[in-house]
Amino acid sequence: RLRKWQRKIRISGATERNLAFALSELDRDSSRLGLPRSVREAASVVYRSAVENKLIRGRSIEGVVAASLYAACRRCNVPRTLDEIAEVSRVSKKEVGRTYRFLTRELNIKLPPTSPVDYVPRFASELGLSGEVQSRAIEIIEKAMEKGLTSGRGPTGVAAAALYIASVLLGERKTQRDVADIAGVTEVTIRNRYKELTEQLEMGVTL
Amino acid sequence: MTDVDIKIENIVASAAIGKDIKLTKVSKALEGVDFNREQFPGLVFKLKEPKTAALIFSSGKLVCTGAKSIDDSILAINKTVDLMRTVDKDIPHEFEIKIQNIVASANLEATLNLEAVALELENTEYEPEQFPGLVYRSQDPKVVLLLFGSGKVVCTGAKTKDDAKLGVERAYDRLSELDLI
DNA sequence: GCTTTAAAAAGTAAATT
DNA sequence: AATTTACTTTGAAAAGC
């Protein structure tokens, strides 16, 4: 009896230590990403439910924390790319993605794919673009989605191209290099996307 | 039911010749062989006709990949085993061959709005940040489909050509029912 | 889980020319 | 900027870590 009790204490002690480690890891990653407290809390909720459902088995705490953060960012509409998550955590992009899929499947979390619109505010502010440019970029993205020009394309590339076009249209021109660096895509991708957008949406733009 | 043309792109088959093999010995009889025991326990042998690759194990089992038809897959295995027999006369002429996986492609001839498909169709995964295709796990037949915005489809996990074809056709009909195509 | 093989889809990336 | 090469995803088997 006594042994069983001691074992329980030992286990709960280990559980608490793991949770404490996970939460500190979560804080560290969140700080590096500059995420608001609300997102950290959302991520900790995901992490705790993962623990409750015994989904940590065979997985690293860092990996589950990173995946929880990725999921929370998406749910709160302040998405971070897998590359950004992988950069601040010590988990590979592949691991984060696989753990994310596992968690969402096991916890029955259905998150729609990230909309390029959700990347506009962050990219725009980092580029020092006005609210008008942001609004115009969002209009472009919404039209693109209606016409099926976003299926299969990376959300960041679409957001980057829309911001680039909007910046030129409203006289706040940014170079493709600047936008590409902030969005984490290449100039070639921006070029491919914006050609597609200007051609298939009725924009008679000459950039 | 809607008829959709399927093209087999790759077949994975396994064979078990009932006899242990000395890989070092066999490697001398075959041309262009890769073999690094530390890296992978199998011997890699590439055949030019049919263009396939075979993995040969010391247990006498092998895996053949790359064939575009079941006949080619069987032919490739027989050719490979015939070559192995030049250095090991005791290899049986009669052995089992199993088709393990068939990869096929098809075209639905209609563009797809993947975000809509992801919302309406069950058992799907769509993460455009990682891969442009939507993953659809069909339960019957049990195959996995990759659906693209262009309407092109890849079917994998099938054991028979009929299952691959049926998987694509049922997916097409399902998309029609849901008014997604 | 990983290692190795082959092949398609479409997007993205990086190295060459 | 066009080409080429290459990596992302899916499935399955083999023997062993």
Side-chain angles (χ1 to χ4, degrees), chain A residues 57-60 63 81-83 93-95 97-99 101-102 150-158 160 180 183-193 195-196, chain B residues 6-16 20-21 23 34-47 50-68 72-73 76 97-108 112 114 124-138 142-159 163-164 167:
Chain A
R57 285 182 180 179
R59 259 163 268 273
S60 69
T81 63
L82 286 174
D83 280 317
K93 175 181 181 177
K94 196 169 182 176
E95 250 291 296
R98 133 173 43 216
T99 306
R101 283 181 222 160
F102 177 73
T150 59
S151 276
R153 277 109 201 180
T156 52
V158 175
V185 296
T186 62
E187 294 171 85
V188 177
T189 294
I190 291 188
R191 221 166 282 139
N192 289 336
R193 292 303 127 243
K195 280 178 185 168
E196 209 167 58
Chain B
I6 256 59
K7 181 188 179 192
I8 292 182
E9 304 285 0
N10 182 30
I11 290 181
V12 178
S14 63
D20 280 11
I21 300 297
L23 295 184
D34 277 356
F35 185 36
N36 298 298
R37 190 150 243 146
E38 308 77 25
Q39 189 182 32
F40 188 70
L43 169 343
V44 181
F45 173 60
K46 298 189 179 182
L47 195 67
K51 185 168 177 287
T52 53
L55 303 177
I56 306 169
F57 301 87
S58 57
S59 63
K61 292 185 176 180
L62 54 154
V63 173
C64 173
T65 64
K68 297 278 188 193
D72 274 358
S73 186
I97 295 178
K98 270 190 183 174
I99 300 301
Q100 301 288 173
N101 184 30
I102 292 178
V103 181
S105 63
N107 191 343
L108 302 184
L112 296 173
L114 300 182
T124 60
E125 276 183 2
Y126 175 48
E127 296 292 330
E129 188 186 327
Q130 282 208 255
F131 187 70
L134 177 150
V135 181
Y136 172 52
R137 287 162 206 285
S138 157
K142 194 172 178 304
V143 297
V144 174
L145 303 181
L146 301 180
L147 305 177
F148 297 86
S150 64
K152 298 279 188 61
V153 185
V154 170
C155 175
T156 185
K159 296 277 198 223
D163 271 357

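Convention: sequence-line order gives letters A, B, ...; per-chain numbering from 1.
Summarising the geometry, the separation between CZ on F45(B) and C1' on dT4(C) is reported as 16 Å, rounded to the nearest angstrom. The interatomic distance linking I8(B) (CD1) with dA7(C) (P) rounds to 15 Å, in whole Å. Look at OH on Y126(B): it is 11 Å from C1' on dA10(C), rounded to the nearest Å. Rounded to an integer number of Å, the gap from CG of D83(A) to P of dT12(C) is 13 Å. Atom C1' of nucleotide dA10(C) and atom CG of L112(B) are separated by 13 Å, given to the nearest angstrom.
Across all strands, R98(A) comes closer than 4.0 Å only to sugar-phosphate atoms, never to a base (heavy-atom distances). Among the heavy atoms of the strands, none lies under 4.0 Å from G133(B). Note on K68(B): only backbone sugar-phosphate atoms sit closer than 4.0 angstrom, heavy atoms only; bases stay farther off.
Considering T65(B), I102(B), V103(B) as possible partners of V12(B), the one that fulfils the side-chain contact (heavy atoms from CB on, under 4.5 Å) test is T65(B).
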Can you build the contact string for nucleotides 7-17 of chain D? Use B for base contact, S for sugar-phosphate-only contact, and - for no protein heavy atom under 4.0 Å. -BBBBBBBB--
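A residue-by-residue look at K7(B) and R193(A) shows that K7(B) has its nearest nucleotide of DNA chain C further toward the 5' end.
Residues Y136(B) and Y126(B) fail the side-chain proximity criterion, which asks for heavy atoms closer than 4.5 Å. The shortest distance between side-chain heavy atoms of L62(B) and F45(B) does not fall below 4.5 Å. A 4.5 Å side-chain heavy-atom check between T124(B) and V135(B) finds every atom pair outside the cut-off.
When all heavy atoms of S58(B) and R37(B) are compared, the closest pair comes out as CB-NH2, 4.5 Å. Shortest non-hydrogen contact noted between E125(B) and R137(B) is OE1-NH2, 4.2 Å.
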What's touching nucleotides 13-16 of chain C from the protein side, N or O pairs under 3.5 Å?
unit_1, atom_1, unit_2, atom_2, d
dA13(C), OP2, T186(A), N, 3.1
dA13(C), OP2, T186(A), OG1, 3.0
dA13(C), OP2, T189(A), OG1, 2.3

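Helical stems involving DNA chain C, defined as 3 or more consecutive Watson-Crick or G-U pairs under 3.5 Å, span C:1-5 with D:13-17, C:10-17 with D:1-8.
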